[in-house]
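After the structure tokens below, expect a handful of questions from me.
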Amino acid sequence: MEALEILKGKRKGNYNIIQIDQSYVPAALERKMCYGVTFEQGRNALELNDGLLKNIVTQNKELPAAAKRDLLIALITLKYTQSNSVCYVSGGQTIGVGAGQQSRIHCTRLAGNKADLWQLRHHPKVLALQFNSALSRSERDNTIDLYLSSEESGDVLGDAVWQNFFTVRPEPLTQEEKKDFLSTVRDVSLGSDAFFPFGDNIERARRSGVKYVAQPGGSIRDDNVIATCDKYGMVMAFTGVRLFHH
């Protein structure tokens with residue numbers, strides 16, 4: 001009911017509210033057809049809970065309640081996200097998902113770039129932007145994305161266009177300022193729907209402030225991945241569960 005009240009306050013409450021049959025149970029076997037070939041797989045009915053985070057394989061085994069919450073949010077997101085997938089979570093909120101990629105490191109980079117962009121939205125320069133009152137909320141979001149993009153910032157900061165977006169022309173956010181701000185990010189959680197094959201995933205995740213990791217484990221290079229976490233004092237749990245969704 002609380003969520004329904006929040007929705008009523010958005011877009012004048014113009015939403016279609018559908019009530020599900022609470023007694024409905026999906027079929028245990030899922031089927032998908034591709035060019036006349038039918039694929040079958042069992043439905044993923046796994047319950048995700050704290051028990052999946054008990055096998056901590058790093059030297060640092062301190063996993064606070066907030067980190068457990070964030071890791072579970074990451075795992076829940078991964079359960080319903082197209083594989084391969086990696087998810088970054090901070091403060092109880094998913095901030096970056098890399099889904100459907102062809103390699104694990106591509107997932108980690110894509111999700112990490114999204115997480116970095118989310119963090120940069122809290123930079124003092126961004127919070128101080130003085131928008132044109134005619135802009136809608138979605139237009140403001142798009143303007144912030146362009147402002148934060150080194151390649152496209154001129155689309156909103158250029159001499160002939162900035163007045164369309166701002167009442168006061170903002171100073172650009174430099175690469176050095178972005179780097180300095182992101183270096184202060186801490187305690188981000190990261191989940192992966194399958195094992196990390198190399199420590200390079202951990203190296204990339206660290207640059208986005210990741211301290212807590214949950215992944216299935218089972219790679220022939222688990223020792224390398226664990227050692228990379230230990231190098232940075234990170235905490236990693238092996239869940240033993242792959243969360244592939246196809």
Side-chain angles (χ1 to χ4, degrees), residues 25-26 28 30 41-99 101 103-112 114-115 118-119 185-246:
V25 178
E30 296 179 342
Q41 66 179 5
R43 181 175 67 87
N44 185 354
L46 176 69
E47 180 181 347
L48 302 174
N49 54 46
D50 289 3
L52 294 175
L53 306 176
K54 290 183 178 180
N55 183 21
I56 298 177
V57 295
T58 47
Q59 295 175 5
N60 186 353
K61 301 185 184 299
E62 295 183 15
L63 191 60
K68 288 183 179 179
R69 174 203 62 197
D70 287 355
L71 288 174
L72 286 175
I73 290 173
L75 295 178
I76 292 169
T77 302
L78 294 168
K79 181 179 176 180
Y80 299 102
T81 301
Q82 196 76 10
S83 300
N84 293 317
S85 188
V86 163
C87 178
Y88 291 67
V89 176
S90 178
Q93 180 176 343
T94 293
I95 62 173
V97 178
Q101 302 304 299
S103 76
R104 192 65 37 184
I105 187 60
H106 290 161
C107 297
T108 307
R109 289 171 183 161
L110 177 59
K114 292 179 180 179
W118 185 88
Q119 300 285 4
V185 175
R186 300 285 187 274
D187 299 337
V188 176
S189 294
L190 173 71
S192 177
D193 65 357
F195 62 69
F196 284 129
F198 300 101
D200 58 353
N201 293 276
I202 303 301
E203 295 281 359
R204 173 60 189 87
R206 183 188 68 89
R207 295 204 301 271
S208 292
V210 169
K211 183 174 182 179
Y212 307 102
V213 180
Q215 57 128 326
S219 167
I220 60 173
R221 300 180 184 84
D222 275 347
D223 288 348
N224 172 254
V225 178
I226 294 170
T228 307
C229 285
D230 286 339
K231 181 168 66 171
Y232 299 115
M234 297 164 69
V235 182
M236 181 166 64
F238 280 179
T239 66
V241 175
R242 286 160 58 97
L243 292 170
F244 271 18
H245 175 71
H246 300 294

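The structure presented is a predicted model; accordingly, all values stated were derived computationally and were not measured.
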* Structure fact -> Tightest non-hydrogen contact, residues Gly191 and Leu78, listed as C-CD1, 3.3 Å
* To do: Check Gly218 against Phe195 and note the closest heavy-atom contact, atom names and distance.
  => C-CD2, 4.0 Å
* Taking side chain as C-beta onward, heavy atoms only, is Leu72 less than 4.5 Å from Leu53? -> yes
* To do: Working to the nearest 0.5 Å, report the span between CZ of Arg109 and CZ of Arg207.
  => 8.0 Å
* Asked: Taking it one step at a time, do Arg242 and Ser83 satisfy side chain to side chain contact (heavy atoms under 4.5 Å, CB included)?
  -> CA-CA 10 Å; Arg242 286 160 58 97; Ser83 300; over 6 Å; no
* Asked: Is it true that Lys231 and Glu203 make a salt bridge, defined as a side-chain N closer than 4.0 Å to a carboxylate O?
  -> yes
* Test item: Asn84 side-chain N/O and Gln101 main-chain N/O as donor-acceptor pair under 3.5 Å -> yes
* How close do Ala205 and Thr108 get, heavy atom to heavy atom, and via which atoms? -> N-CG2, 4.3 Å
* Evaluation steps, side chain to side chain contact (heavy atoms under 4.5 Å, CB included), between Phe238 and Ile226 -> CA-CA 10 Å; Phe238 280 179; Ile226 294 170; 4.1 Å; yes
* Straight-line distance of Leu110 CG to Ser85 OG, nearest 0.5 Å -> 9.0 Å
* Asked: Got Pro216 and Thr239 here, is their nearest side-chain heavy-atom distance under 4.5 Å?
  -> yes
* **Taking every non-hydrogen atom, the tightest pair across Cys87 and Ala74** => SG-CA, 3.9 Å
* To do: To the nearest 0.5 angstrom, please state how far the CD1 atom of Ile73 sits from the CD1 atom of Ile95.
  => 11.0 Å
* **From CD (Gln59) to SG (Cys229), nearest 0.5 Å** => 10.5 Å
* First locate atom CD of Gln215, then atom CG of Leu71, and finally report the distance between them rounded to the nearest 0.5 Å. => 11.5 Å
* Asked: How close do Tyr88 and Gly112 get, heavy atom to heavy atom, and via which atoms?
  -> CE1-N, 3.3 Å
* Asked: Got a second to check how far Leu75's CG is from Thr81's OG1, nearest 0.5 Å?
  -> 11.0 Å
* Is there a side-chain contact between Leu190 and Phe196 (heavy atoms, below 4.5 Å)? -> yes
* Tell me, do Leu48 and Leu243 make a side-chain contact under 4.5 Å, heavy atoms counted? -> yes
* Counting only N and O atoms by type, is there a donor-acceptor contact under 3.5 Å from the side chain of Asp70 to the main-chain atoms of Gly91? -> yes
* **Test applied, side chain to side chain donor-acceptor pair (under 3.5 Å); reference residue, Asp193; option that passes from Lys79, Arg104, Gln82** => Arg104
* **Main-chain N/O of Val210 paired to Ser208 side chain as donor or acceptor, under 3.5 Å** => no
* Check: Tyr232 side chain, Lys211 main-chain N or O, donor-acceptor pair, under 3.5 Å -> no
* **Identified side-chain contact (heavy atoms from CB on, under 4.5 Å) partner of Met236 from the options Leu63, Val225, Ile56, Asp230** => Val225
* To do: Compare every heavy atom of Cys107 with every heavy atom of Val86, then report the nearest pair and how far apart it is.
  => CG2-CB, 3.7 Å
* Asked: Has Lys61 got more than 12 heavy atoms of other residues, nucleotides or ligands less than 6.0 Å from its NZ?
  -> yes
